[in-house]
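All residue numbers in this chain count up from 1 along the given sequence.
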Amino acid sequence: MRQILSIETAEALKAATAALDVGAARGHALAVCVTDASGTPLVLLRDDNARQTTVEMAVNKAWTAAAHRRATHELAAVVQPGQPGFGANIQFGGRLSPLPGGLPIAIEDAVAGGIGVSGGDAETDIAAARAGLATLG
């Protein structure tokens, strides 16, 4: 039997809020999703001015990071034509996201969730996700 670690809603809310704050400080209206270990959303926050598309993108980034236990931007090179993972990004109903801004949440070397950020440029999305992770210790 194995133990599955997951973050709690209060922790997810704290992480999502920190990520939104990074976006605001950089002038970007973001959406942030934090999932549990299974990739199920615990918290979804959207800045009042975030574009419609940012919500689904944030959810997909968080799900991808939790499910694949790696940063979403690490998948980008693998899903390109001629690469071994070509086409993988259309699997799972298009949920698999190779876009920057999704990071796994690790506790004791096990993935306990994912955080996905959308609405900024690549650097802002990644920085906001990292700020969210930083609140988790």
Side-chain angles (χ1 to χ4, degrees):
M1 186 179 300
R2 65 186 174 123
Q3 181 181 12
I4 298 175
L5 299 173
S6 191
I7 65 168
E8 296 178 352
T9 303
E11 295 169 310
L13 181 59
K14 189 175 176 183
T17 301
L20 273 185
D21 289 346
V22 168
R26 292 182 176 207
H28 293 279
L30 305 178
V32 182
C33 179
V34 180
T35 71
D36 63 15
S38 73
T40 302
L42 290 170
V43 171
L44 175 62
L45 297 178
R46 183 183 66 85
D47 183 278
D48 292 337
N49 296 311
R51 294 180 308 275
Q52 253 180 317
T53 55
T54 61
V55 172
E56 188 170 348
M57 291 172 74
V59 171
N60 290 344
K61 289 177 185 185
W63 178 84
T64 300
H68 287 274
R69 302 178 183 142
R70 59 169 37 169
T72 54
H73 64 271
E74 293 175 4
L75 296 171
V78 182
V79 299
Q80 299 302 314
Q83 297 302 312
F86 176 62
N89 55 314
I90 61 169
Q91 298 297 310
F92 309 104
R95 289 187 73 186
L96 187 71
S97 177
L99 299 173
L103 298 174
I105 298 169
I107 299 174
E108 300 174 12
D109 296 325
V111 173
I115 183 168
V117 179
S118 182
D121 53 31
E123 293 78 20
T124 297
D125 287 358
I126 293 170
R130 286 183 176 148
L133 289 182
T135 69
L136 301 172

Atom of [X], atom of [Y] and distance for their closest heavy-atom approach:
X      : Y      : answer
Cys33  : Pro41  : SG-CB, 3.9 Å
Ala50  : Ala31  : CB-N, 4.5 Å
Leu30  : Ala128 : CD1-CB, 3.8 Å
Gly114 : Ala65  : CA-CB, 4.5 Å
Gly23  : Thr124 : CA-CG2, 4.3 Å
Ala129 : Gly101 : CB-O, 3.8 Å

How about Arg69: does its CZ atom have over 12 heavy atoms from other parts shown lying under 6.0 Å from it?
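No.
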Between [atom1] on residue [X] and [atom2] on residue [Y], distance to nearest 0.5 Å:
X      : Y     : atom1 : atom2 : value
Asp47  : Thr54 : CG    : OG1   : 8.5 Å
His28  : Leu20 : NE2   : CG    : 13.0 Å
His68  : Ser97 : NE2   : OG    : 10.5 Å
Glu56  : Arg95 : CD    : CZ    : 9.0 Å
Leu42  : Thr40 : CG    : OG1   : 8.0 Å
Ile107 : Ser6  : CD1   : OG    : 7.0 Å

Reference residue Lys61; test side-chain hydrogen bond (donor to acceptor under 3.5 Å, both in side chains); the match among Thr35, Asp125, Thr72
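Of Thr35, Asp125, Thr72, side-chain hydrogen bond (donor to acceptor under 3.5 Å, both in side chains) with Lys61 is met by Asp125 alone.
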Same cluster or not: [X] versus [Y], using hydrophobic residues (I, L, V, M, F, W, Y) connected whenever any side-chain heavy atoms lie under 4.5 Å apart?
X      : Y      : value
Leu75  : Trp63  : yes
Ile7   : Leu133 : yes
Leu103 : Val43  : yes

My understanding is that a hydrophobic cluster links ILVMFWY residues whose side chain heavy atoms are under 4.5 Å apart, including indirect links. Using that, what else belongs to the cluster containing Leu44?
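Once heavy-atom contacts under 4.5 Å are chained together, Leu44 belongs with Val55, Val59.
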Step-by-step side-chain contact (heavy atoms from CB on, under 4.5 Å) determination, Ile105 to Val34:
CA-CA 9 Å; Ile105 298 169; Val34 180; 3.8 Å; yes
Between Gln83 and Gln80, is there a donor-acceptor pair closer than 3.5 Å when you use the side chain of the first and the backbone of the second?
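Side chain of Gln83 to backbone of Gln80: no pair is present.
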Given Leu13 and Leu45, is the side-chain contact (heavy atoms from CB on, under 4.5 Å) satisfied, shown in steps?
CA-CA 8 Å; Leu13 181 59; Leu45 297 178; 4.0 Å; yes
side-chain contact (heavy atoms from CB on, under 4.5 Å) between Val32 and Ile115, worked out:
CA-CA 7 Å; Val32 182; Ile115 183 168; 4.0 Å; yes
